[in-house]
Amino acid sequence: MPSFPDVDAMNAPLEQLQTGFEQALVIAFGPELAGTDPMLGPASNPKFGDYQSNIALVLAKQLGQPPRAIAEQIIHHLALSDICHPPVVAGPGFINLTLKASYLEEQLAVMHSDRRLGVPRAKASKRVVIDFSSPNIAKEMHVGHLRSTIIGDCLARILEFQEHDVLRLNHVGDWGTQFGMLIAYLKEAYPAALTTSNALELGDLVTLYRQAKQRFDQDEVFREASRQEVVALQAGEAITQRAWQLLCEQSRREFQRIYDLLDIKLTERGESFYNPLLPAIVSDLERLGLLVEDQGAKCVFLEGFTNREGKPQPLIIQKSDGGYNYATTDLAALRYRIQQDQADWIIYVTDAGQANHFAQVFQVARRSGWIPEDVTIAHVPFGLVLGEGGRKLKTRSGDTIRLQELLNEAIARARADLEARLQEEGREETEEFKAHVAEVVGIGAVKYADLSQNRTSNYVFSYDKMLALQGNTAPYMLYAYVRVQGISRKGQINFEKLTQNPQLSLVEEAELVLAKHLLQLSEVLEQVSTDFLPNRLCQYLFELSQKFNQFYDGCPVLTAAEPLQVSRLALCDLTARTLKLGLSLLGMQTLDRM
RNA sequence: GCGCCCAUAGCUCAGUGGAUAGAGCAAUCGCCUUCUAAGCGAUCGGCCACAAGUUCGAAUCUUGUUGGGCGCGCCA
């Protein structure tokens with residue numbers, strides 16, 4: 001195991017250019033320009049160079065000078081000759097910058113020697129609560145849980161990598177009136193399960209739910225029994241409690257199968273956890289004078305929300321029958337996460353349809369003074385999963401699609417693809433190999449397809465597209481990684497033992513392009529952790545794969561003479577490590593062969 | 001009716017107030033005696049829904065219009 005310097009390395013060229021510009025601005029135009037954003041960004045077109053600054057255009061009015069003249073003065077004072085070629089003023093006053101090969105070579109060497117590939121840790125580690133996945137007990141996880149689970153896990157992984165202190169919470173629906181019905185049915189149909197442990201394997205909770213619902217709809221006596229069970233559950237009555245436990249345990253086992261398959265870790269803390277805290281929410285709101293009784297229900301009337309009649313809309317805190325709503329639970333959870341979990345950030349990853357609900361809950365919490373100034377709360381919304389017809393994704397018979405089946409299908413299709421390919425190429429592989437590749441490709445495809453879209457828009461689910469071998473897909477990226485491993489095998493190269501400080505020499509255009517892209521990793525991760533848009537990371541990894549494939553196409557590695565070979569091996573190694581890290585942050589595994 | 005989200009190439013989508021708006025797929029045409037061609041190159045494809053406004057500069061910000069999705073009092 002090579003020893004990596006355990007220090008923060010910064011490989012983002014942007015940051016260094018930024019500093020140079022800030023200094024030049026002060027020297028050229030005086031100290032009042034200290035701290036001015038130099039408007040640096042990637043060049044809009046590669047022919048202009050690598051980066052551009054638009055600051056001259058911005059300052060034109062303020063300084064009363066033509067933008068090009070300002071740009072000339074700035075570049076006159078820029079001390080960036082170590083980093084880039086002489087800056088060029090172009091068009092109306094853009095300053096174009098092109099990085100020097102020597103600079104890229106140095107930076108890549110730094111990146112190569114760093115276990116974190118030059119990605120800095122967060123300047124201040126925050127306590128982050130991220131609430132995602134959240135299926136309902138006694139129901140199956142379905143396609144509706146897919147995006148929350150995948151996106152939430154990805155964001156958690158990125159924040160964890162930045163060394164924030166992340167608490168991943170699974171806010172499962174384990175409480176509510178539907179449990180009365182379920183428990184009543186359990187007592188009626190499977191009484192042995194309540195007294196003898198493991199007397200019953202509740203194979204299919206969906207069927208149980210359906211049968212219970214049917215009884216509930218048809219039988220008045222059963223309905224009354226169900227209501228009694230809700231009361232008994234609230235009161236903590238032993239047998240009822242046991243039935244509830246049984247349901248929760250069974251669901252938990254089924255959820256865990258899916259989380260294992262998806263490689264997702266979560267701490268379960270369901271709605272029931274906050275149950276004892278609900279009365280205090282009501283009494284505290286009452287004390288604050290926010291609570292109004294209306295038609296028997298205790299409500300907070302909201303600012304900026306109106307109902308169909310144009311009157312202020314209430315948020316119901318306690319129903320007229322004394323029961324609580326999910327808004328109450330969410331308020332209690334919010335308060336607990338701030339006070340007990342000591343959260344600095346609280347992130348909710350749920351569908352966009354809940355935007356109103358969260359805006360309302362946050363408003364009430366804010367008006368109650370429960371959210372300190374330094375605590376940041378964010379709803380991270382995402383769009384619906386649609387079928388290829390553009391309608392909500394359903395099975396042919398109109399049922400919602402079970403998540404387990406969806407994942408199985410993706411794996412099965414990946415397997416079929418692989419087997420067809422093996423036959424075509426006359427390859428023989430073990431069952432173990434085939435099963436593993438199919439799982440990594442299938443699960444990776446489902447995750448990548450979801451994450452590679454801007455989460456705010458609806459997402460059209462298509463097995464064919466996510467498993468396509470070309471384009472912005474999981475298989476394409478996995479293949480780029482496999483190609484590097486191929487080089488390693490063929491040339492018997494152990495990348496971990498590749499010299500500590502490889503001498504890089506970037507000659508070919510494809511090498512320069514790849515090098516520049518590799519060095520943008522930190523910038524991309526920084527951005528994703530700010531705007532919570534994983535598709536930006538996907539885009540980066542896709543472009544990295546493309547650029548690697550172009551390099552692979554035009555720059556032979558194993559047949560290259562020294563010192564070029566070491567340099568190219570280092571580029572391969574950096575690409576592979578960047579892909580592996582990036583994909584792992586998306587929650588994806590890599591393969592050495594496929 | 002009100003609120004939130006969305007509208008960019010035939011399709012699926014990127015796009016950070018900046019230069020001639022980009023990918024992928026599909027279509028058409030090339031490239032395997034050379035590290036896995038699951039690859040690479042090229043061609044074709046645009047009224048950034050519409051209209052005003054702000055700005056030196058708008059796909060991007062504001063307002064309005066049209067079209068679509070989601071939600072809106074005792075489910076979560």
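Chain letters run A, B, ... following the sequence lines, proteins first and then strands; every chain starts at 1.
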Indicate the ring-plane relationship of Phe362(A) and Tyr348(A), choosing parallel, tilted or perpendicular according to the 30° and 60° boundaries.
-> tilted
Side chain of Phe48(A) - closest among rA19(B), rG39(B), rU20(B) | rA19(B)
Describe, in one word, how the ring planes of Tyr552(A) and Phe548(A) are oriented to each other, choosing from parallel (under 30°), tilted (30 to 60°) and perpendicular (over 60°).
-> tilted
Taking the six-membered ring for Trp, are Tyr274(A) and Tyr336(A) parallel (under 30°), tilted (30 to 60°) or perpendicular (over 60°)?
-> perpendicular
Mind checking the C1' distance from rU66(B) to rA51(B)? Whole angstroms is fine.
-> 11 Å
rG18(B) C1' sits how many Å from Arg68(A) CZ, rounded?
-> 15 Å
Nucleotide of rA76(B), rA38(B), rU16(B) approaching Asn325(A) most closely (side-chain heavy atoms) = rA76(B)
When you measure from the side chain of Arg536(A) to the backbone N and O of Val524(A), does any donor-acceptor pair fall under 3.5 Å?
-> no
Donor-acceptor pairs under 3.5 Å, side chain of residues 414-421 of chain A to any protein atom, not counting sequence neighbours: which ones?
from      : atom 1 : to        : atom 2 : distance (Å)
Arg415(A) : NE     : Glu419(A) : OE2    : 2.9
Arg415(A) : NH1    : Glu431(A) : OE2    : 3.2
Arg415(A) : NH2    : Glu419(A) : OE2    : 3.0
Arg415(A) : NH2    : Glu431(A) : OE1    : 2.8
Arg421(A) : NE     : Glu425(A) : OE2    : 3.2
Arg421(A) : NH2    : Glu425(A) : OE2    : 2.7

Give a yes/no verdict on base stacking between rA19(B) and Phe94(A): centres under 5.5 Å, planes within less than 30° of parallel.
-> yes
Rounded to the nearest angstrom, tell me the gap between atom CG in Leu469(A) and atom C1' in rG24(B).
-> 14 Å
For rC13(B) and rG67(B), measure between their P atoms and round to the nearest Å.
-> 22 Å
Proximal nucleotide (of rC13(B), rA37(B), rG24(B)) relative to the Val460(A) side chain = rC13(B)
When all nucleic acid strands are considered with a 4.0 Å heavy-atom cut-off, which category describes Tyr324(A): base, sugar-phosphate, or nothing?
-> sugar-phosphate
rG17(B) and rG24(B): how far apart are their P atoms, nearest whole angstrom?
-> 25 Å
Measure from the side chain of Lys319(A), starting at C-beta and using heavy atoms only, and say which of rC75(B), rA14(B), rA38(B) lies closest.
-> rC75(B)
Touch class at under 4.0 angstrom, heavy-atom based, for Asn54(A) against every strand present | base
Measure from NZ on Lys547(A) to P on rG24(B) and round the result to the nearest Å.
-> 12 Å
What's the CG-P distance between Asp531(A) and rU60(B), to the nearest Å?
-> 20 Å
Nearest-0.5 Å distance, CG of residue Leu478(A) to OG1 of residue Thr590(A) = 7.5 Å
Any idea which of rC35(B), rU12(B), rC75(B) is nearest the Gln453(A) side chain?
-> rU12(B)
Which letter, B, S or -, goes with each nucleotide of nucleotides 2-7 of chain B from 5' to 3', with contact meaning a protein heavy atom under 4.0 Å?
-> SBSS--
Side chain of Asn96(A) only, please: which of rC74(B), rA19(B), rA37(B) is the nearest?
-> rA19(B)
Pairwise C1' distance, rA19(B) and rA59(B) [rounded to whole Å] = 15 Å
How would you label the contact of Val482(A) with the nucleic acid (heavy atoms, under 4.0 Å): base, sugar-phosphate, or nothing?
-> base
Please confirm whether the backbone N or O of Glu508(A) pairs with a side-chain atom of Glu511(A), one donor and one acceptor, at under 3.5 Å?
-> yes
Between rA52(B) and rG57(B), how far apart are the P atoms? Round to whole Å, please.
-> 16 Å
Taking for each residue the nucleotide of RNA chain B with the nearest heavy atom, is it Val437(A) or Tyr459(A) whose nucleotide lies nearer the 5' end?
-> Tyr459(A)
Give Asn535(A) one of three labels, base, sugar-phosphate or nothing, depending on what nucleic acid heavy atoms sit under 4.0 Å from its own.
-> sugar-phosphate
Is there a donor on the side chain of Asp330(A) or the base of rA76(B) sitting less than 3.5 Å from an acceptor on the other?
-> no
When syn is taken as a glycosidic angle within 90 degrees of 0, is rC32(B) syn or anti?
-> syn
Heavy atoms of other groups near Glu562(A) CD, more than 12 under 6.0 Å | yes
Out of rA23(B), rC35(B), rA14(B), whichever nucleotide has its closest atom nearest the side chain of Gln546(A) | rA23(B)
Euclidean distance, atom CG of residue Asn472(A) to atom P of rC25(B) [Å, nearest integer] | 10 Å
Locate the shortest heavy-atom distance separating Gln52(A) from Asn96(A); write the atom from each residue and the value.
-> CB-OD1, 3.6 Å
Which sits closer to the 5' end of RNA chain B, Val557(A) or Gly296(A), going by the nucleotide each is nearest to?
-> Val557(A)
Counting only Watson-Crick and G-U wobble pairs with both atom distances below 3.5 Å, the stems of 3 or more consecutive pairs that include RNA chain B are B:1-7 with B:66-72, B:10-13 with B:22-25, B:27-31 with B:39-43, B:49-53 with B:61-65
Among the candidates rA14(B), rC25(B), rC40(B), find the nucleotide nearest to the side-chain atoms of Tyr476(A).
-> rC40(B)
CG of Leu541(A) versus C1' of rA23(B): gap in Å, rounded?
-> 15 Å
Roughly how far, to the nearest 0.5 Å, is CG of Asp330(A) from CD of Gln360(A)?
-> 11.5 Å
Looking across every strand, which nucleic acid part, if any, lies under 4.0 Å from Asp294(A) by heavy atom: base, sugar-phosphate, or nothing?
-> base
With no angle test and no hydrogens, is the base of rA19(B) tied to the side chain of Gln52(A) by a donor-acceptor pair under 3.5 Å?
-> yes
Just checking Cys299(A): base, sugar-phosphate only, or nothing, at a heavy-atom cut-off of under 4.0 Å?
-> base
Is Arg536(A) touching bases, backbone alone, or none of the nucleic acid, heavy atoms closer than 4.0 Å?
-> sugar-phosphate
Quick one: which of Leu146(A), Asn136(A), Thr149(A) gives a side chain to side chain contact (heavy atoms under 4.5 Å, CB included) with Met141(A)?
-> Thr149(A)
With heavy atoms under 4.0 Å as the rule, sort Met39(A) into base, sugar-phosphate or nothing.
-> nothing
In whole angstrom, give me the gap between the P atoms of rG22(B) and rA42(B).
-> 14 Å
Euclidean distance for C1', rU65(B) against rC6(B) (whole angstrom) = 16 Å
Remember a base hit wins even if backbone is also touched, and classify Gln295(A) as base, sugar-phosphate or nothing at under 4.0 Å, heavy atoms.
-> base
Between rA19(B), rC35(B), rC40(B), which nucleotide gets closest to the side-chain atoms of Ser44(A)?
-> rA19(B)
Would you give the length of the straight line joining atom CG of Leu544(A) to atom OH of Tyr481(A), rounded to the nearest 0.5 angstrom?
-> 12.5 Å
When you check the side-chain N and O atoms of Tyr324(A) and Asn275(A), is any donor under 3.5 Å from an acceptor?
-> no
Which of rG69(B), rC74(B), rC35(B) is nearest the side chain of Leu384(A)? It is rG69(B)
If you measure from the P atom in rU12(B) to the same atom in rG69(B), how many Å do you get, rounded?
-> 15 Å
Let me know the distance between CG of Asp553(A) and P of rA37(B), rounded to the nearest Å.
-> 9 Å
